[in-house]
Asks: 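Let me begin by handing over the structure; questions about it come next.
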There are 2 protein chains.
Amino acid sequence: MARNLANAATKRGASAPKRNIRWNGVSGLKGQRREVILRSVANVLRNSRLSSLTIQDVADELGMTKGNLYYYFKDKQDILYQCHMRSMEISLRALEEATAKGRTPSESLRILLTGHIRGILDDGFGGILQTDLDNFRPDQRKTYVKKRDELERGARGMIEDGIRAGEFDPVNVKLTGFAILGAINWIPKWYRPTGAFSPDTIVEEMVNYFLRGLQRQPGASQKPLSKKKRQREQHEQ
Amino acid sequence: MARNLANAATKRGASAPKRNIRWNGVSGLKGQRREVILRSVANVLRNSRLSSLTIQDVADELGMTKGNLYYYFKDKQDILYQCHMRSMEISLRALEEATAKGRTPSESLRILLTGHIRGILDDGFGGILQTDLDNFRPDQRKTYVKKRDELERGARGMIEDGIRAGEFDPVNVKLTGFAILGAINWIPKWYRPTGAFSPDTIVEEMVNYFLRGLQRQPGASQKPLSKKKRQREQHEQ
DNA sequence: AAAGATTTTTAACAGCGGTTTAAATTCAGT
DNA sequence: ACTGAATTTAAACCGCTGTTAAAAATCTTT
(Lines give C-alpha, C1' and ligand atoms only; values in the text may rest on other atoms or scores of the structure.)
Protein backbone atom coordinates (compact mmCIF):
# COMPACT_ATOMS: atom_id res chain seq x y z
CA MET A 1 0.00 0.00 0.00
CA ALA A 2 2.98 2.20 0.41
CA ARG A 3 3.89 1.79 -3.22
CA ASN A 4 0.99 3.65 -4.73
CA LEU A 5 2.71 6.93 -5.14
CA ALA A 6 5.94 5.37 -6.24
CA ASN A 7 4.04 3.32 -8.77
CA ALA A 8 2.31 6.32 -10.11
CA ALA A 9 5.51 8.25 -10.21
CA THR A 10 7.50 5.63 -12.06
CA LYS A 11 4.62 4.27 -14.09
CA ARG A 12 5.99 5.74 -17.25
CA GLY A 13 9.68 5.45 -16.61
CA ALA A 14 10.12 1.69 -16.79
CA SER A 15 10.54 -0.19 -13.54
CA ALA A 16 14.03 1.02 -12.82
CA PRO A 17 14.12 1.57 -9.08
CA LYS A 18 17.39 3.44 -9.19
CA ARG A 19 17.07 6.62 -7.26
CA ASN A 20 20.24 8.42 -6.48
CA ILE A 21 18.73 11.57 -5.11
CA ARG A 22 16.93 11.38 -1.85
CA TRP A 23 16.98 14.85 -0.45
CA ASN A 24 14.20 17.38 -0.51
CA GLY A 25 15.19 19.18 -3.67
CA VAL A 26 12.93 20.50 -6.34
CA SER A 27 13.74 17.51 -8.45
CA GLY A 28 14.38 15.10 -5.61
CA LEU A 29 12.18 12.10 -5.00
CA LYS A 30 9.93 14.01 -2.71
CA GLY A 31 9.70 16.76 -5.27
CA GLN A 32 8.71 14.31 -7.96
CA ARG A 33 5.99 12.92 -5.83
CA ARG A 34 4.75 16.37 -5.16
CA GLU A 35 4.26 16.73 -8.88
CA VAL A 36 2.31 13.49 -8.96
CA ILE A 37 0.04 14.82 -6.28
CA LEU A 38 -0.50 18.06 -8.09
CA ARG A 39 -1.35 16.23 -11.26
CA SER A 40 -3.84 14.27 -9.24
CA VAL A 41 -5.45 17.47 -8.08
CA ALA A 42 -5.82 18.39 -11.70
CA ASN A 43 -7.63 15.11 -12.26
CA VAL A 44 -10.05 15.72 -9.45
CA LEU A 45 -10.55 19.19 -10.82
CA ARG A 46 -11.49 17.78 -14.16
CA ASN A 47 -14.36 15.75 -12.82
CA SER A 48 -15.91 17.29 -9.80
CA ARG A 49 -16.21 21.00 -9.43
CA LEU A 50 -14.03 23.21 -7.39
CA SER A 51 -16.41 23.68 -4.50
CA SER A 52 -16.09 20.03 -3.67
CA LEU A 53 -12.36 19.81 -3.99
CA THR A 54 -11.46 18.29 -0.69
CA ILE A 55 -8.21 16.93 0.63
CA GLN A 56 -9.93 13.62 0.94
CA ASP A 57 -10.82 13.62 -2.75
CA VAL A 58 -7.22 14.15 -3.71
CA ALA A 59 -6.09 11.41 -1.38
CA ASP A 60 -8.70 9.05 -2.79
CA GLU A 61 -7.60 9.81 -6.32
CA LEU A 62 -4.10 8.78 -5.32
CA GLY A 63 -5.17 5.84 -3.22
CA MET A 64 -3.54 7.15 -0.11
CA THR A 65 -4.63 8.71 3.13
CA LYS A 66 -5.19 12.40 3.47
CA GLY A 67 -2.80 12.62 6.35
CA ASN A 68 -0.04 11.57 4.05
CA LEU A 69 -0.51 14.66 1.92
CA TYR A 70 0.82 16.69 4.80
CA TYR A 71 4.12 14.98 4.42
CA TYR A 72 4.44 16.62 1.03
CA PHE A 73 2.65 19.90 1.49
CA LYS A 74 2.29 22.27 4.35
CA ASP A 75 -1.44 22.63 3.98
CA LYS A 76 -4.24 22.70 1.47
CA GLN A 77 -3.57 26.30 0.60
CA ASP A 78 -0.09 25.32 -0.37
CA ILE A 79 -1.39 22.67 -2.73
CA LEU A 80 -3.78 25.08 -4.36
CA TYR A 81 -1.05 27.62 -4.68
CA GLN A 82 1.24 25.17 -6.39
CA CYS A 83 -1.51 24.31 -8.84
CA HIS A 84 -1.95 27.95 -9.62
CA MET A 85 1.72 28.31 -10.30
CA ARG A 86 1.88 25.24 -12.52
CA SER A 87 -0.99 26.56 -14.54
CA MET A 88 0.56 29.98 -14.77
CA GLU A 89 3.92 28.65 -15.83
CA ILE A 90 2.40 26.95 -18.82
CA SER A 91 0.78 30.16 -19.91
CA LEU A 92 3.94 32.12 -19.34
CA ARG A 93 5.81 29.73 -21.56
CA ALA A 94 3.32 30.56 -24.26
CA LEU A 95 3.93 34.22 -23.62
CA GLU A 96 7.64 33.72 -23.98
CA GLU A 97 7.26 31.91 -27.23
CA ALA A 98 4.84 34.51 -28.50
CA THR A 99 7.13 37.43 -27.84
CA ALA A 100 9.92 36.05 -29.97
CA LYS A 101 11.23 38.56 -32.45
CA GLY A 102 9.95 38.94 -35.95
CA ARG A 103 6.28 38.34 -35.37
CA THR A 104 3.39 40.57 -36.17
CA PRO A 105 1.10 41.46 -33.28
CA SER A 106 -1.58 39.12 -34.64
CA GLU A 107 0.85 36.27 -34.82
CA SER A 108 2.15 36.89 -31.35
CA LEU A 109 -1.29 37.16 -29.88
CA ARG A 110 -2.42 34.05 -31.65
CA ILE A 111 0.46 32.06 -30.24
CA LEU A 112 -0.09 33.40 -26.77
CA LEU A 113 -3.81 32.72 -26.70
CA THR A 114 -3.43 29.33 -28.31
CA GLY A 115 -0.87 28.23 -25.76
CA HIS A 116 -2.86 29.69 -22.92
CA ILE A 117 -6.02 27.88 -23.91
CA ARG A 118 -4.25 24.65 -24.63
CA GLY A 119 -2.68 24.78 -21.23
CA ILE A 120 -6.06 25.13 -19.62
CA LEU A 121 -7.60 22.35 -21.64
CA ASP A 122 -4.74 19.90 -21.61
CA ASP A 123 -3.00 19.95 -18.29
CA GLY A 124 -6.17 20.06 -16.29
CA PHE A 125 -5.18 22.84 -13.96
CA GLY A 126 -7.65 25.11 -15.66
CA GLY A 127 -10.32 24.59 -13.08
CA ILE A 128 -8.06 26.09 -10.45
CA LEU A 129 -8.56 29.48 -12.02
CA GLN A 130 -11.99 29.66 -10.48
CA THR A 131 -10.50 29.82 -7.01
CA ASP A 132 -10.06 33.21 -5.56
CA LEU A 133 -6.85 34.33 -3.98
CA ASP A 134 -8.42 35.40 -0.72
CA ASN A 135 -6.94 32.77 1.49
CA PHE A 136 -3.53 32.83 -0.09
CA ARG A 137 -0.80 33.92 2.20
CA PRO A 138 0.44 37.42 1.37
CA ASP A 139 3.68 36.19 -0.12
CA GLN A 140 1.90 33.58 -2.18
CA ARG A 141 -0.55 36.08 -3.50
CA LYS A 142 2.21 38.51 -4.30
CA THR A 143 4.18 35.94 -6.23
CA TYR A 144 1.20 34.70 -8.13
CA VAL A 145 -0.28 38.08 -8.93
CA LYS A 146 3.06 39.21 -10.20
CA LYS A 147 3.14 36.43 -12.73
CA ARG A 148 -0.46 36.84 -13.65
CA ASP A 149 0.09 40.51 -14.29
CA GLU A 150 3.00 39.58 -16.44
CA LEU A 151 0.70 37.49 -18.57
CA GLU A 152 -1.95 40.16 -18.76
CA ARG A 153 0.53 42.85 -19.56
CA GLY A 154 1.93 40.63 -22.25
CA ALA A 155 -1.44 40.21 -23.88
CA ARG A 156 -2.23 43.88 -23.58
CA GLY A 157 1.12 44.80 -24.99
CA MET A 158 0.41 42.82 -28.10
CA ILE A 159 -2.91 44.51 -28.53
CA GLU A 160 -1.25 47.87 -28.14
CA ASP A 161 1.39 46.97 -30.65
CA GLY A 162 -1.25 45.90 -33.07
CA ILE A 163 -3.08 49.17 -32.72
CA ARG A 164 0.08 51.17 -33.11
CA ALA A 165 0.95 49.19 -36.19
CA GLY A 166 -2.46 49.92 -37.63
CA GLU A 167 -3.23 46.24 -37.61
CA PHE A 168 -5.86 46.42 -34.89
CA ASP A 169 -8.70 48.77 -34.23
CA PRO A 170 -8.08 51.29 -31.46
CA VAL A 171 -9.99 49.46 -28.75
CA ASN A 172 -9.75 49.99 -25.03
CA VAL A 173 -6.80 47.75 -24.45
CA LYS A 174 -7.44 46.88 -20.86
CA LEU A 175 -11.10 46.07 -21.19
CA THR A 176 -10.59 44.09 -24.34
CA GLY A 177 -7.87 42.20 -22.59
CA PHE A 178 -10.23 41.43 -19.74
CA ALA A 179 -12.79 40.20 -22.20
CA ILE A 180 -10.44 37.85 -23.97
CA LEU A 181 -8.72 36.46 -20.92
CA GLY A 182 -12.00 36.22 -19.07
CA ALA A 183 -13.58 34.20 -21.83
CA ILE A 184 -10.63 31.84 -21.64
CA ASN A 185 -10.67 31.56 -17.89
CA TRP A 186 -14.29 30.61 -18.08
CA ILE A 187 -13.65 27.65 -20.33
CA PRO A 188 -13.32 25.09 -17.53
CA LYS A 189 -16.86 25.91 -16.53
CA TRP A 190 -18.30 24.32 -19.63
CA TYR A 191 -15.54 22.22 -21.13
CA ARG A 192 -15.76 18.49 -20.72
CA PRO A 193 -13.07 16.23 -22.14
CA THR A 194 -15.75 13.86 -23.35
CA GLY A 195 -17.77 16.64 -24.88
CA ALA A 196 -18.47 17.48 -28.49
CA PHE A 197 -15.61 19.92 -28.93
CA SER A 198 -12.01 18.87 -29.21
CA PRO A 199 -9.34 21.14 -27.79
CA ASP A 200 -8.23 21.80 -31.36
CA THR A 201 -11.64 23.02 -32.37
CA ILE A 202 -12.01 25.16 -29.31
CA VAL A 203 -8.64 26.79 -29.73
CA GLU A 204 -9.10 27.37 -33.43
CA GLU A 205 -12.55 28.81 -33.18
CA MET A 206 -12.07 30.97 -30.13
CA VAL A 207 -8.75 32.44 -31.11
CA ASN A 208 -10.11 33.24 -34.54
CA TYR A 209 -13.00 35.03 -32.97
CA PHE A 210 -10.82 36.97 -30.59
CA LEU A 211 -8.55 38.16 -33.35
CA ARG A 212 -11.32 39.00 -35.73
CA GLY A 213 -12.68 41.41 -33.17
CA LEU A 214 -9.39 43.22 -33.09
CA GLN A 215 -8.58 43.37 -36.76
CA ARG A 216 -8.76 46.82 -38.20
CA GLN A 217 -11.83 47.44 -40.27
CA PRO A 218 -10.98 49.11 -43.56
CA GLY A 219 -13.57 51.80 -43.11
CA ALA A 220 -12.94 52.43 -39.44
CA SER A 221 -12.03 55.87 -38.23
CA GLN A 222 -8.51 56.20 -36.95
CA LYS A 223 -8.71 57.37 -33.38
CA PRO A 224 -5.44 58.66 -32.05
CA LEU A 225 -4.13 56.05 -29.67
CA SER A 226 -2.64 56.55 -26.26
CA LYS A 227 -3.66 59.67 -24.49
CA LYS A 228 -1.11 58.28 -22.10
CA LYS A 229 -3.26 58.92 -19.11
CA ARG A 230 -2.31 56.06 -16.88
CA GLN A 231 -5.66 54.98 -15.58
CA ARG A 232 -5.74 53.62 -12.08
CA GLU A 233 -5.46 49.89 -11.80
CA GLN A 234 -8.74 48.09 -11.54
CA HIS A 235 -8.03 44.55 -10.67
CA GLU A 236 -8.14 43.31 -7.15
CA GLN A 237 -7.71 39.62 -7.17
CA MET B 1 -33.34 45.52 17.30
CA ALA B 2 -36.26 43.86 15.66
CA ARG B 3 -36.77 46.79 13.35
CA ASN B 4 -33.66 46.43 11.31
CA LEU B 5 -35.18 44.53 8.50
CA ALA B 6 -38.31 46.59 8.48
CA ASN B 7 -36.22 49.71 8.41
CA ALA B 8 -34.22 48.47 5.51
CA ALA B 9 -37.35 47.42 3.72
CA THR B 10 -39.20 50.68 4.13
CA LYS B 11 -36.17 52.91 4.01
CA ARG B 12 -37.05 54.18 0.61
CA GLY B 13 -40.81 54.13 0.84
CA ALA B 14 -41.43 56.90 3.34
CA SER B 15 -42.22 55.95 6.89
CA ALA B 16 -45.74 54.76 6.25
CA PRO B 17 -46.18 51.73 8.50
CA LYS B 18 -49.39 50.59 6.86
CA ARG B 19 -49.17 46.96 5.97
CA ASN B 20 -52.34 45.30 4.94
CA ILE B 21 -50.85 42.07 3.73
CA ARG B 22 -49.39 39.74 6.26
CA TRP B 23 -49.49 36.32 4.70
CA ASN B 24 -46.64 34.43 3.14
CA GLY B 25 -47.21 35.46 -0.44
CA VAL B 26 -44.65 36.36 -3.03
CA SER B 27 -45.38 39.99 -2.42
CA GLY B 28 -46.41 39.67 1.20
CA LEU B 29 -44.42 41.21 3.98
CA LYS B 30 -42.32 38.15 4.43
CA GLY B 31 -41.72 38.06 0.72
CA GLN B 32 -40.58 41.65 0.70
CA ARG B 33 -38.14 40.98 3.47
CA ARG B 34 -36.83 38.05 1.57
CA GLU B 35 -35.96 40.46 -1.19
CA VAL B 36 -34.15 42.69 1.26
CA ILE B 37 -32.10 39.75 2.40
CA LEU B 38 -31.23 38.77 -1.13
CA ARG B 39 -30.16 42.27 -1.92
CA SER B 40 -27.98 42.10 1.13
CA VAL B 41 -26.33 38.97 -0.20
CA ALA B 42 -25.56 40.92 -3.32
CA ASN B 43 -23.85 43.52 -1.19
CA VAL B 44 -21.69 40.99 0.56
CA LEU B 45 -20.91 39.54 -2.82
CA ARG B 46 -19.69 42.88 -4.02
CA ASN B 47 -17.08 43.23 -1.34
CA SER B 48 -15.79 39.90 -0.19
CA ARG B 49 -15.34 37.06 -2.57
CA LEU B 50 -17.64 34.14 -2.98
CA SER B 51 -15.53 31.62 -1.10
CA SER B 52 -16.10 33.56 2.08
CA LEU B 53 -19.79 34.13 1.64
CA THR B 54 -21.05 32.85 4.93
CA ILE B 55 -24.47 32.98 6.48
CA GLN B 56 -22.92 35.00 9.24
CA ASP B 57 -21.69 37.61 6.78
CA VAL B 58 -25.15 38.07 5.38
CA ALA B 59 -26.62 38.36 8.84
CA ASP B 60 -24.00 40.93 9.80
CA GLU B 61 -24.70 42.97 6.72
CA LEU B 62 -28.33 43.10 7.78
CA GLY B 63 -27.59 43.61 11.44
CA MET B 64 -29.47 40.54 12.48
CA THR B 65 -28.63 37.07 13.71
CA LYS B 66 -27.98 34.23 11.36
CA GLY B 67 -30.63 32.11 12.98
CA ASN B 68 -33.19 34.60 11.86
CA LEU B 69 -32.37 33.95 8.23
CA TYR B 70 -33.89 30.55 8.63
CA TYR B 71 -37.21 32.14 9.27
CA TYR B 72 -37.12 33.45 5.73
CA PHE B 73 -35.25 30.76 3.87
CA LYS B 74 -35.06 27.03 4.18
CA ASP B 75 -31.30 26.90 4.03
CA LYS B 76 -28.26 28.54 2.54
CA GLN B 77 -28.68 26.68 -0.69
CA ASP B 78 -32.10 28.21 -1.02
CA ILE B 79 -30.68 31.69 -0.62
CA LEU B 80 -28.04 31.08 -3.23
CA TYR B 81 -30.62 29.64 -5.55
CA GLN B 82 -32.84 32.68 -5.19
CA CYS B 83 -29.90 34.93 -5.99
CA HIS B 84 -29.23 32.93 -9.10
CA MET B 85 -32.80 33.33 -10.18
CA ARG B 86 -32.87 37.06 -9.54
CA SER B 87 -29.76 37.48 -11.60
CA MET B 88 -31.13 35.32 -14.35
CA GLU B 89 -34.44 37.13 -14.47
CA ILE B 90 -32.71 40.40 -15.18
CA SER B 91 -30.85 38.87 -18.05
CA LEU B 92 -33.97 37.22 -19.38
CA ARG B 93 -35.71 40.56 -19.38
CA ALA B 94 -32.94 41.82 -21.60
CA LEU B 95 -33.46 38.83 -23.84
CA GLU B 96 -37.12 39.57 -24.07
CA GLU B 97 -36.52 43.15 -25.01
CA ALA B 98 -33.88 42.15 -27.50
CA THR B 99 -36.10 39.75 -29.36
CA ALA B 100 -38.73 42.34 -30.12
CA LYS B 101 -39.69 42.43 -33.77
CA GLY B 102 -38.05 44.58 -36.36
CA ARG B 103 -34.49 44.46 -35.14
CA THR B 104 -31.45 43.35 -37.01
CA PRO B 105 -29.42 40.57 -35.42
CA SER B 106 -26.72 43.05 -34.44
CA GLU B 107 -29.23 45.27 -32.76
CA SER B 108 -30.83 42.41 -30.91
CA LEU B 109 -27.54 41.03 -29.76
CA ARG B 110 -26.37 44.42 -28.66
CA ILE B 111 -29.45 44.93 -26.54
CA LEU B 112 -29.19 41.48 -25.02
CA LEU B 113 -25.53 41.75 -24.13
CA THR B 114 -25.90 45.28 -22.86
CA GLY B 115 -28.73 44.32 -20.56
CA HIS B 116 -26.97 41.21 -19.45
CA ILE B 117 -23.79 43.04 -18.53
CA ARG B 118 -25.63 45.90 -16.90
CA GLY B 119 -27.51 43.42 -14.78
CA ILE B 120 -24.29 41.88 -13.60
CA LEU B 121 -22.68 45.22 -12.87
CA ASP B 122 -25.63 47.01 -11.36
CA ASP B 123 -27.68 44.67 -9.27
CA GLY B 124 -24.70 43.02 -7.67
CA PHE B 125 -25.81 39.46 -8.13
CA GLY B 126 -23.09 39.00 -10.70
CA GLY B 127 -20.73 37.40 -8.26
CA ILE B 128 -23.15 34.58 -7.73
CA LEU B 129 -22.36 33.30 -11.18
CA GLN B 130 -19.09 31.95 -9.91
CA THR B 131 -20.90 29.41 -7.76
CA ASP B 132 -21.32 26.02 -9.23
CA LEU B 133 -24.61 24.25 -9.29
CA ASP B 134 -23.33 21.10 -7.64
CA ASN B 135 -25.14 21.40 -4.37
CA PHE B 136 -28.36 22.63 -5.84
CA ARG B 137 -31.28 20.34 -5.31
CA PRO B 138 -32.27 18.56 -8.52
CA ASP B 139 -35.40 20.62 -8.99
CA GLN B 140 -33.54 23.85 -8.36
CA ARG B 141 -30.86 22.94 -10.83
CA LYS B 142 -33.43 21.93 -13.39
CA THR B 143 -35.32 25.18 -13.08
CA TYR B 144 -32.23 27.30 -13.22
CA VAL B 145 -30.53 25.46 -16.03
CA LYS B 146 -33.69 25.71 -18.06
CA LYS B 147 -33.64 29.47 -17.82
CA ARG B 148 -29.94 29.70 -18.38
CA ASP B 149 -30.27 27.61 -21.50
CA GLU B 150 -33.01 29.91 -22.61
CA LEU B 151 -30.60 32.80 -22.36
CA GLU B 152 -27.82 30.97 -24.14
CA ARG B 153 -30.11 29.77 -26.88
CA GLY B 154 -31.34 33.29 -27.28
CA ALA B 155 -27.86 34.61 -27.78
CA ARG B 156 -26.95 31.81 -30.12
CA GLY B 157 -30.11 32.32 -32.07
CA MET B 158 -29.17 35.89 -32.73
CA ILE B 159 -25.76 34.88 -33.92
CA GLU B 160 -27.30 32.31 -36.22
CA ASP B 161 -29.73 34.85 -37.56
CA GLY B 162 -26.92 37.21 -38.22
CA ILE B 163 -24.99 34.61 -40.13
CA ARG B 164 -28.02 33.63 -42.13
CA ALA B 165 -28.66 37.24 -42.94
CA GLY B 166 -25.11 37.64 -44.13
CA GLU B 167 -24.51 40.13 -41.41
CA PHE B 168 -22.13 37.96 -39.41
CA ASP B 169 -19.27 35.73 -40.34
CA PRO B 170 -20.05 32.02 -40.29
CA VAL B 171 -18.49 31.29 -36.91
CA ASN B 172 -19.07 28.27 -34.75
CA VAL B 173 -22.16 29.53 -33.03
CA LYS B 174 -21.89 27.55 -29.86
CA LEU B 175 -18.26 28.19 -29.16
CA THR B 176 -18.53 31.84 -29.98
CA GLY B 177 -21.50 32.03 -27.66
CA PHE B 178 -19.45 30.43 -24.92
CA ALA B 179 -16.72 32.95 -25.50
CA ILE B 180 -18.98 35.95 -25.27
CA LEU B 181 -21.04 34.81 -22.32
CA GLY B 182 -17.96 33.51 -20.56
CA ALA B 183 -16.21 36.83 -20.87
CA ILE B 184 -19.25 38.46 -19.34
CA ASN B 185 -19.58 35.96 -16.53
CA TRP B 186 -15.99 36.63 -15.64
CA ILE B 187 -16.55 40.33 -15.15
CA PRO B 188 -17.27 40.12 -11.41
CA LYS B 189 -13.81 38.70 -10.96
CA TRP B 190 -12.14 41.97 -11.82
CA TYR B 191 -14.83 44.61 -11.63
CA ARG B 192 -14.82 46.91 -8.64
CA PRO B 193 -17.46 49.62 -8.28
CA THR B 194 -14.77 52.03 -7.17
CA GLY B 195 -12.50 51.11 -10.03
CA ALA B 196 -11.42 53.05 -13.04
CA PHE B 197 -14.11 51.80 -15.39
CA SER B 198 -17.70 52.87 -15.19
CA PRO B 199 -20.41 50.38 -16.08
CA ASP B 200 -21.14 52.51 -19.11
CA THR B 201 -17.60 52.26 -20.39
CA ILE B 202 -17.44 48.56 -19.74
CA VAL B 203 -20.67 47.85 -21.52
CA GLU B 204 -19.83 50.06 -24.44
CA GLU B 205 -16.36 48.75 -24.98
CA MET B 206 -17.06 45.08 -24.47
CA VAL B 207 -20.19 44.90 -26.51
CA ASN B 208 -18.49 46.72 -29.33
CA TYR B 209 -15.69 44.23 -29.25
CA PHE B 210 -18.02 41.25 -29.19
CA LEU B 211 -19.96 42.50 -32.17
CA ARG B 212 -16.93 43.51 -34.15
CA GLY B 213 -15.72 39.94 -33.96
CA LEU B 214 -18.93 38.76 -35.54
CA GLN B 215 -19.37 41.32 -38.26
CA ARG B 216 -18.91 39.93 -41.70
CA GLN B 217 -15.62 40.86 -43.28
CA PRO B 218 -16.06 42.07 -46.81
CA GLY B 219 -13.43 39.77 -48.19
CA ALA B 220 -14.40 36.73 -46.13
CA SER B 221 -15.32 33.51 -47.86
CA GLN B 222 -18.94 32.53 -47.57
CA LYS B 223 -19.08 29.16 -45.88
CA PRO B 224 -22.45 27.47 -46.21
CA LEU B 225 -24.10 27.63 -42.81
CA SER B 226 -25.94 24.96 -40.94
CA LYS B 227 -25.01 21.43 -41.77
CA LYS B 228 -27.85 20.87 -39.35
CA LYS B 229 -25.98 18.15 -37.58
CA ARG B 230 -27.22 18.56 -34.05
CA GLN B 231 -24.02 18.19 -32.15
CA ARG B 232 -24.26 16.60 -28.77
CA GLU B 233 -24.66 19.03 -25.94
CA GLN B 234 -21.48 19.96 -24.17
CA HIS B 235 -22.41 21.86 -21.12
CA GLU B 236 -22.70 20.16 -17.81
CA GLN B 237 -23.24 22.74 -15.16
C1' DA C 1 -54.41 45.69 28.50
C1' DA C 2 -54.60 41.03 26.98
C1' DA C 3 -54.07 37.37 23.59
C1' DG C 4 -52.29 35.36 19.77
C1' DA C 5 -49.55 35.42 15.91
C1' DT C 6 -45.18 36.98 14.01
C1' DT C 7 -40.52 37.86 14.30
C1' DT C 8 -36.01 37.66 16.55
C1' DT C 9 -32.62 36.01 19.56
C1' DT C 10 -29.95 32.83 22.17
C1' DA C 11 -27.60 28.91 22.65
C1' DA C 12 -26.55 24.66 21.58
C1' DC C 13 -25.95 20.93 18.20
C1' DA C 14 -23.79 18.40 14.42
C1' DG C 15 -20.97 17.27 10.80
C1' DC C 16 -17.72 18.14 7.61
C1' DG C 17 -13.05 18.77 6.52
C1' DG C 18 -8.48 20.46 7.43
C1' DT C 19 -4.77 19.44 10.54
C1' DT C 20 -1.79 17.11 13.93
C1' DT C 21 0.40 13.47 16.34
C1' DA C 22 2.37 9.21 17.31
C1' DA C 23 2.80 4.75 15.96
C1' DA C 24 3.56 1.46 12.22
C1' DT C 25 5.61 0.29 8.02
C1' DT C 26 8.81 0.42 4.35
C1' DC C 27 13.18 1.30 2.42
C1' DA C 28 18.38 2.04 1.75
C1' DG C 29 22.73 1.00 3.07
C1' DT C 30 25.94 -1.81 5.79
C1' DA D 1 19.59 -9.26 9.55
C1' DC D 2 20.18 -4.64 11.62
C1' DT D 3 19.76 0.28 11.95
C1' DG D 4 18.18 4.63 11.06
C1' DA D 5 15.87 7.46 7.88
C1' DA D 6 11.90 8.07 4.96
C1' DT D 7 7.18 7.24 4.20
C1' DT D 8 2.53 5.95 5.36
C1' DT D 9 -1.25 5.06 8.24
C1' DA D 10 -4.64 5.51 11.82
C1' DA D 11 -7.00 8.03 14.86
C1' DA D 12 -8.11 11.72 17.11
C1' DC D 13 -8.62 16.73 17.37
C1' DC D 14 -10.69 21.04 16.51
C1' DG D 15 -12.60 24.99 14.54
C1' DC D 16 -15.74 26.69 11.55
C1' DT D 17 -20.30 27.10 9.74
C1' DG D 18 -24.77 25.64 8.62
C1' DT D 19 -28.75 24.30 11.12
C1' DT D 20 -32.21 23.66 14.77
C1' DA D 21 -35.15 24.31 18.79
C1' DA D 22 -37.02 26.83 22.33
C1' DA D 23 -37.43 30.94 24.67
C1' DA D 24 -37.89 35.96 24.37
C1' DA D 25 -39.47 40.01 22.27
C1' DT D 26 -42.43 42.47 19.21
C1' DC D 27 -46.32 43.52 16.69
C1' DT D 28 -51.45 43.33 15.63
C1' DT D 29 -55.90 43.16 16.87
C1' DT D 30 -59.62 43.51 19.86
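The sequence lines fix the lettering, A, B, ..., with proteins before strands; numbering per chain opens at 1.
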Asks: Rounding to a whole Å, what distance do you find between Asp75(B):CG and dG18(D):C1'?
Replies: 9 Å

Asks: Measure from the side-chain heavy atoms of Thr54(B) and tell me the nearest of dT7(C), dT17(D), dT19(D).
Replies: dT17(D)

Asks: Does Tyr72(A) have a side-chain nitrogen or oxygen under 4.0 Å from the phosphate oxygens OP1 or OP2 of dT8(D)?
Replies: yes

Asks: Take the protein atom NZ of Lys30(B) and the nucleotide atom P of dT8(C), then report the distance between them rounded to whole Å.
Replies: 10 Å

Asks: Under 4.0 Å between a side-chain nitrogen and a carboxylate oxygen: does that hold for Asp200(B) and Arg118(B)?
Replies: yes

Asks: In whole Å, what is the span from the OH atom of Tyr81(B) to the P atom of dG18(D)?
Replies: 21 Å

Asks: Does Glu35(B) come within less than 4.0 Å of Arg86(B), counting only side-chain N to carboxylate O?
Replies: yes

Asks: May I have the distance from Met64(B) (atom CE) to dT6(C) (atom P), rounded to whole angstrom?
Replies: 18 Å

Asks: Measure the distance from CG on Asp134(B) to P on dC16(C) and round it to the nearest whole Å.
Replies: 17 Å

Asks: Give a yes/no answer on whether the side chain of Asn68(B) brings an N or O atom under 4.0 Å of OP1 or OP2 in dT7(C).
Replies: no

Asks: Given dT20(D), is OP1 or OP2 found less than 4.0 Å from the side-chain N or O atoms of Tyr70(B)?
Replies: no

Asks: What integer distance in Å separates Leu62(A):CG from dT8(D):C1'?
Replies: 13 Å

Asks: Mind checking what makes ring-ring contact (aromatic ring centres under 6.0 Å, His included) contact with Phe136(B), not counting sequence neighbours?
Replies: Tyr81(B), His84(B)

Asks: Using the side-chain heavy atoms of Lys66(B), tell me which of these nucleotides is nearest: dT19(D), dT19(C), dT8(D).
Replies: dT19(D)

Asks: Report the nucleotide, chosen from dT7(C), dG18(D), dT9(C), that has the shortest atom-to-atom distance to any side-chain atom of Thr65(B).
Replies: dT9(C)

Asks: Counting only heavy atoms not in Glu96(A), do more than 12 fall under 6.0 Å of its CD?
Replies: no

Asks: Take atom CD of Gln32(B) and atom P of dT6(C), then tell me their distance rounded to the nearest Å.
Replies: 16 Å

Asks: Give the rounded distance in Å between these two atoms: CD of Gln56(A) and C1' of dT9(D).
Replies: 13 Å

Asks: Counting side-chain heavy atoms from CB outward, which of dG18(C), dT9(D), dG18(D) is closest to Ile55(B)?
Replies: dG18(D)

Asks: Once ring-ring contact (aromatic ring centres under 6.0 Å, His included) is applied, do any residues pair with Phe125(B), and if so which ones, sequence neighbours excluded?
Replies: none

Asks: Quick one: is Arg33(B) getting a side-chain N or O under 4.0 Å of the dT8(C) phosphate, OP1 or OP2?
Replies: yes

Asks: Is there a side-chain polar atom (N or O) of Tyr71(B) under 4.0 Å from OP1 or OP2 of dT8(C)?
Replies: no

